[in-house]
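Single-structure report; data block below.
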There are 2 protein chains.
Amino acid sequence: MSMAEFKGKVKHIQDTPFGYTLSVIGGKWKMVIIYLLAENGPVRFNDLKRQIGVITYKMLSAQLKELEADGMVKRTEYPQVPPKVEYSLTKKAETLLPVLEELCEWGVKNQNPPIT
Amino acid sequence: MSMAEFKGKVKHIQDTPFGYTLSVIGGKWKMVIIYLLAENGPVRFNDLKRQIGVITYKMLSAQLKELEADGMVKRTEYPQVPPKVEYSLTKKAETLLPVLEELCEWGVKNQNPPIT
DNA sequence: CCGAATCCGATAAGATACTG
DNA sequence: CAGTATCTTATCGGATTCGG
């Protein structure tokens, strides 16, 4: 890598705080999962799948694992038969809810806007 | 209108205002594109590609088309050689910027949190 | 030349059967 | 019930090509 290649190099979005936010909530289903966990409290795996509707087991499992790794979702396993696992939001995730509310409000205002 | 007001009323997330918002900005690169257009004003195709860094021509082109179809991005073509096309945000997209700003602030607060 | 479409191999996502 | 394993299908990345 030469000096010339560095010259005028733009800072990549991935390295910004905004990029961090996107890495945490930018997955295809992550905001939906957070939205539903916020509404319906601690919820079991299959319930969550039913609420999302079209997601597959594999995707839900993967997204939950990533959200857990990023400290957004808490996984609670109850040692019983049949197994019971509940997912809920962490405090960190709850600090994001007001912003998601605003995204929701933006949707209300822009989904079927009056023709002006 | 808040997220909580939809509790128990809607079966599928995609039919809610929040689902609409996600359909508009939920694509893999869409928030990044809006963010960069907001910061750097009208910008040309290849400049935008350079700023994003890792995106391919194909993806950038597709995402811009979808954003344009959703009324978020304005495409201005200048009839000259070599071709020049500038992309900029619409007023609709600008109403979303305060929310994106909050997502950015959330990233600032949560990217490298103190160990507690 | 710049913006963008095309072709193709690589990768991610979907469907569903299966296990502890 | 809560996930995995496996196979199929759709999407994406990268190079190349095209059109103005």
Side-chain angles (χ1 to χ4, degrees), chain A residues 1 4-5 8 10 12-14 19 22-33 36-37 40-70 72-89, chain B residues 12-14 19 22-34 36-37 40-70 72-89:
Chain A
M1 173 108 47
E5 288 177 76
V10 177
H12 284 180
I13 189 79
Q14 298 87 332
L22 289 183
S23 77
V24 173
I25 65 164
K28 185 171 180 184
W29 301 100
K30 289 183 181 175
M31 282 198 276
V32 172
I33 290 169
L36 289 172
L37 288 182
N40 303 327
V43 66
R44 299 176 68 166
F45 184 84
N46 277 313
D47 284 338
L48 191 53
K49 184 187 178 313
R50 268 185 291 274
Q51 287 167 30
I52 298 176
V54 294
I55 199 172
T56 61
Y57 296 104
K58 187 168 67 171
M59 278 306 295
L60 180 55
S61 180
Q63 301 272 292
L64 282 171
K65 267 194 186 118
E66 290 182 21
L67 284 169
E68 195 188 354
D70 286 327
M72 300 294 283
V73 160
K74 181 166 171 248
R75 181 182 182 279
T76 309
E77 190 170 344
Y78 298 87
Q80 63 185 46
V81 177
K84 177 180 174 182
V85 178
E86 279 187 342
Y87 292 91
S88 56
L89 295 184
Chain B
H12 297 111
I13 189 84
Q14 53 267 34
L22 289 183
S23 77
V24 173
I25 65 165
K28 186 172 181 185
W29 302 101
K30 290 184 181 176
M31 283 198 277
V32 172
I33 291 170
I34 293 169
L36 289 172
L37 288 182
N40 304 328
V43 66
R44 299 179 64 169
F45 184 85
N46 276 317
D47 284 338
L48 192 52
K49 184 190 178 311
R50 267 186 292 274
Q51 286 166 30
I52 299 176
V54 294
I55 198 171
T56 61
Y57 297 102
K58 189 168 61 173
M59 279 305 296
L60 180 55
S61 183
Q63 302 271 291
L64 283 171
K65 268 199 185 107
E66 289 183 20
L67 284 168
E68 196 187 354
D70 285 327
M72 300 293 284
V73 161
K74 180 164 171 252
R75 182 181 183 279
T76 308
E77 193 169 334
Y78 297 87
Q80 64 185 45
V81 177
K84 175 179 173 183
V85 179
E86 279 186 345
Y87 293 91
S88 56
L89 295 185

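Small disclaimer: the values here were computed from a predicted structure and weren't measured. Letters go in sequence order (proteins before strands), and every chain restarts at 1.
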Could you tell me whether the side chain of A/Lys58 has a donor or acceptor atom within less than 3.5 Å of a complementary atom in the base of C/dG14? yes
Please report, rounded to the nearest Å, how far the P atom of D/dG3 is from the CG atom of A/Leu64. 8 Å
Any heavy-atom pair between the side chains of A/Leu37 and A/Val73 that's under 4.5 Å? yes
Between B/Glu86 and B/Pro42 (side chain of the first, backbone of the second, donor and acceptor by atom type, cut-off under 3.5 Å), is there such a pair? no
Distance, rounded to the nearest Å, where A/Ile52 contributes CD1 and D/dG3 contributes C1': 15 Å
Taking 4.0 Å as the cut-off, does a side-chain nitrogen or oxygen of A/Arg44 come that near to OP1 or OP2 on D/dA2? yes
Using 30° and 60° as the class limits, which term best fits the ring planes of A/Phe45 and A/Tyr57: parallel, tilted or perpendicular? parallel
Could you check whether B/Lys65 gets within reach of a base, just the sugar-phosphate, or nothing at all, counting any heavy atom under 4.0 Å? sugar-phosphate
Any non-hydrogen side-chain atom of A/Tyr87 less than 4.5 Å from a side-chain atom of A/Asp47? no
How many whole angstroms separate atom CD of B/Gln63 from atom P of C/dA4? 14 Å
Respond yes when some side-chain nitrogen or oxygen of B/Ser61 is under 4.0 Å from OP1 or OP2 of C/dG3, and no when none is. no
Kindly say if A/Lys28 contacts the phosphate of D/dC12, meaning a side-chain N or O under 4.0 Å from OP1 or OP2. no
To the nearest Å, give me how far apart OH (B/Tyr57) and P (C/dA5) are. 14 Å
What's A/Val85 touching, base or sugar-phosphate or nothing? Going by heavy atoms closer than 4.0 Å. sugar-phosphate
Hey, does B/Tyr87 reach any base, or is it just sugar-phosphate, or nothing, if we go heavy atoms under 4.0 Å? sugar-phosphate
Go through C/dC2, D/dG13, D/dC1 for me and flag the one nearest to the A/Pro83 side chain. D/dC1
Please report the distance, rounded to the nearest Å, between CG in B/Leu60 and P in D/dG14. 14 Å
Would you please confirm or rule out a distance under 4.0 Å between OP1 or OP2 of D/dA2 and any side-chain N or O of A/Asn46? yes
Rounded interatomic separation in angstrom, taking CZ from B/Phe45 and C1' from D/dG19: 15 Å
Do any side-chain nitrogens or oxygens of A/Arg75 fall under 4.0 Å of OP1 or OP2 in D/dG3? yes
Shortest non-hydrogen contact between B/Ile25 and B/Lys30, atoms and distance: O-CB, 3.8 Å
Between P of C/dA12 and CD1 of A/Ile55, the distance in whole Å: 16 Å
Whole angstrom is fine here: how far is it from CE in B/Met59 over to P in D/dA15? 17 Å
